[in-house]
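Since we're looking at a predicted model, the values are computed, not measured.
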Amino acid sequence: IVSCTLDKTTKNILAGPEILTRGFIYVKDNMDVLKESSVISERIIKNNISINYVDYNTIKQEIRSTLGKYFYEQTECRPMIITVIGEV
């Protein structure tokens, strides 16, 4: 799960992106993979935010495809990737 919180008015990232895994990799042994996936997700989110508009579908699709390729390169597994973006 890729979770991120945006400010409703300014569209800035308030929290995250946080990567949560269940049964995919052992977190303590793969902290570098999770940190890099968080950096990749943050870059994708920032690239798809304008002043008045957030393209949620594009963000979800890009995160799913980019992280899917990255995880496959690192672990040779294809996990299910769920993207949750909230506004407050």
Heavy-atom pair of closest approach, residues L20 and E18: CD2-OE2, 3.4 Å

Distance-only criterion, 3.5 Å: show the donor-acceptor pairs between side-chain atoms of residues 31-39 and protein atoms not counting sequence neighbours.
| residue | atom | partner | partner atom | Å |
| --- | --- | --- | --- | --- |
| S37 | OG | V33 | O | 3.2 |
| S37 | OG | L34 | O | 2.8 |
| S38 | OG | P17 | O | 2.9 |

Approximate separation, where rounding is to 0.5 Å, of E62 CD and I40 CD1: 12.0 Å

For the student: nearest non-hydrogen atoms of I63 and I45, plus distance: CD1-CG1, 4.1 Å

I'd like a table of donor-acceptor pairs (distance under 3.5 Å, sequence neighbours excluded) in which one partner is a side-chain atom from residues 77-88, with atom names and distances.
| residue | atom | partner | partner atom | Å |
| --- | --- | --- | --- | --- |
| E87 | OE2 | K11 | NZ | 3.2 |
| E87 | OE2 | Y56 | OH | 2.5 |

4.5 Å side-chain heavy-atom contact, N48 and V54: no

Lys/Arg N to Asp/Glu carboxylate O, E73 vs K69, below 4.0 Å: no

Side chain T10, main chain D7, donor-acceptor under 3.5 Å: no

Euclidean distance, R64 CZ relative to S41 OG, rounded to 0.5 Å: 12.0 Å

Heavy-atom closest contact (I59 atom, I44 atom, distance): O-CG2, 4.1 Å

